[in-house]
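Note that the structure is a prediction, hence the values are computed from the model and not measured. So you know, we letter chains A, B, ... as the sequences are listed, proteins then strands, and number each from 1.
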Number of protein chains: 2
Amino acid sequence: MKNNIRVQRAIKNITQAELADLIQVSRQTINTIESGKYVPSTVLALKMAKVFGKPVDEIFELEEGD
Amino acid sequence: MKNNIRVQRAIKNITQAELADLIQVSRQTINTIESGKYVPSTVLALKMAKVFGKPVDEIFELEEGD
DNA sequence: TATCAATGTCAAGTATGTTTCACTAAAAGA
DNA sequence: TCTTTTAGTGAAACATACTTGACATTGATA
């Protein structure tokens with residue numbers, strides 16, 4: 001699965017730490033999700049979508065092999 | 001978080017076991033997600049959305065307290 | 001009633017998400 | 001260059017997702 005969290009953050013001009021605060025997770029969690037190291041829970045995906053004002057499917061996308 | 005997987009299954013007229021096969025998880029996983037016992041990964045949410053032909057946000061929704 | 005398909009549930013084990021703390025590296029600004 | 005902010009990374013601990021296997025319950029149908 002891939003994501004464009006970095007782009008969405010850039011659009012809203014917020015840091016990883018700020019996003020982490022907004023959705024109530026640690027900064028490392030944002031960092032590792034953003035760099036594709038692991039797949040977040042659906043609750044986190046929905047929260048990010050809410051913060052960015054975009055549907056989940058515009059932020060996260062399945063890849064070959066998922 | 002709540003979900004309407006049961007409704008979506010009804011619309012497509014498929015069983016928990018069939019859905020499980022389609023997204024490659026165990027039948028129990030579908031059962032427990034459907035009954036809200038735990039929150040699935042974003043990959044599973046995207047796969048279900050794909051199966052049902054609906055965006056993730058139409059199947060899963062945040063609740064107070066999430 | 002007897003049977004079968006579908007669903008619910010339990011327990012134990014494995015895999016993976018998430019946290020905290022700490023430190024390094026890179027980027028941006030004065 | 002020096003400083004500060006932001007991002008990347010590692011390890012250990014803990015929480016939760018997911019699996020398998022087995023069995024109980026429900027609902028429909030013959």
Side-chain angles (χ1 to χ4, degrees):
Chain A
M1 194 191 64
K2 60 183 179 180
N3 70 76
N4 60 14
I5 296 170
R6 179 157 311 196
V7 172
Q8 303 294 338
R9 277 199 307 107
I11 293 173
K12 288 214 64 156
N13 193 34
I14 59 178
T15 67
Q16 292 182 344
E18 285 166 341
L19 177 55
D21 272 359
L22 286 170
I23 68 178
Q24 322 214 61
V25 293
S26 69
R27 181 183 63 81
Q28 288 86 339
T29 294
I30 299 298
N31 187 277
T32 48
I33 292 171
E34 186 168 312
S35 54
K37 285 192 185 145
Y38 64 72
V39 174
S41 75
T42 301
V43 165
L44 289 197
L46 288 168
K47 285 183 173 182
M48 287 201 197
K50 193 174 182 182
V51 165
F52 293 137
K54 304 258 170 79
V56 169
D57 310 70
E58 272 183 41
I59 302 170
F60 297 92
E61 205 175 340
L62 289 175
E63 289 178 300
E64 297 282 331
D66 280 337
Chain B
M1 193 192 63
K2 60 183 179 180
N3 71 76
N4 60 13
I5 297 169
R6 180 158 313 204
V7 173
Q8 302 295 338
R9 278 200 305 109
I11 292 172
K12 288 215 66 156
N13 195 33
I14 58 177
T15 68
Q16 292 182 344
E18 286 166 340
L19 177 55
D21 272 358
L22 285 169
I23 68 178
Q24 322 214 60
V25 293
S26 69
R27 182 182 65 79
Q28 288 85 336
T29 293
I30 299 298
N31 188 277
T32 50
I33 292 172
E34 186 168 312
S35 55
K37 285 191 186 147
Y38 63 67
V39 173
S41 76
T42 301
V43 164
L44 289 198
L46 289 168
K47 285 182 173 182
M48 287 202 196
K50 192 174 182 181
V51 164
F52 294 137
K54 303 261 171 77
V56 168
D57 309 70
E58 272 183 40
I59 302 171
F60 298 93
E61 204 175 341
L62 288 175
E63 288 179 300
E64 297 282 332
D66 281 337

Is any side-chain N of the basic residue among A:K12 and A:E18 closer than 4.0 Å to the acidic one's carboxylate O?
no
Can you find a heavy atom in the side chain of B:I30 that is under 4.5 Å from one in the side chain of B:I23?
yes
Verify, without hydrogens or angle tests, whether A:T42 (side chain) and B:S41 (backbone) share a donor-acceptor contact under 3.5 angstrom.
yes
What integer distance in Å separates B:D21:CG from C:dA5:P?
15 Å
Please test B:L22 against B:I14 for side-chain contact (heavy atoms from CB on, under 4.5 Å), starting from the C-alpha separation and ending with a verdict.
CA-CA 10 Å; B:L22 285 169; B:I14 58 177; 4.1 Å; yes
Are B:F52 and B:L19 close enough, and set up right, to give a side-chain contact (heavy atoms from CB on, under 4.5 Å), and what steps lead you there?
CA-CA 10 Å; B:F52 294 137; B:L19 177 55; 3.8 Å; yes
Using whole Å, what does the distance between atom C1' of nucleotide C:dG17 and atom CZ of A:F60 come to?
13 Å
Spell out, yes or no, whether A:V56 and A:V7 are grouped together once hydrophobic residues are joined by side-chain heavy atoms under 4.5 Å, including indirect joins.
no
Hey, is the side chain of A:R9 poking within less than 4.0 Å of OP1 or OP2 on D:dA7, counting only N and O atoms?
yes
Among residues 28-39 of chain B, which contact DNA chain C at a heavy-atom distance under 4.0 Å?
B:Q28, B:N31, B:K37
Minimum side-chain heavy-atom gap B:Q8-B:I11 below 4.5 Å:
yes
Heavy atom of residues 41-51 of chain B under 4.0 Å from DNA chain D: which residues?
B:S41, B:L44
Should the heavy atoms of other residues, nucleotides or ligands under 6.0 Å from CD of B:E63 be counted, would the total exceed 12?
yes
Rounded to whole Å, please give me the gap between CG in B:L19 and P in D:dC18.
13 Å
Audit row: B:K47, B:V51, side-chain contact (heavy atoms from CB on, under 4.5 Å) steps and yes/no
CA-CA 6 Å; B:K47 285 182 173 182; B:V51 164; 5.7 Å; no
Determine the contact category for A:S26: base if any of its heavy atoms lies under 4.0 Å from a base atom, sugar-phosphate if only primed atoms, P, OP1 or OP2 are that close, otherwise nothing.
base
Value in whole Å for how far the C1' atom of C:dG17 lies from CE of B:M1
15 Å
Sidechain-backbone polar pair: A:D66 side chain, A:M1 backbone, donor-acceptor under 3.5 Å
yes
B:Q16 or A:Q24: which one's nearest nucleotide on DNA chain C is closer to the 5' end?
B:Q16
Going 5' to 3' through nucleotides 23-30 of chain C and flagging B where a protein heavy-atom sits under 4.0 Å of the base, S where only the sugar-phosphate is that close, and - otherwise, we get --------
Short side-chain N/O contact to D:dG8 OP1/OP2 from A:R6, under 4.0 Å:
yes
Look only at the side chain of B:N3 and the backbone of B:I33, and say whether a donor-acceptor pair between them is shorter than 3.5 Å.
yes
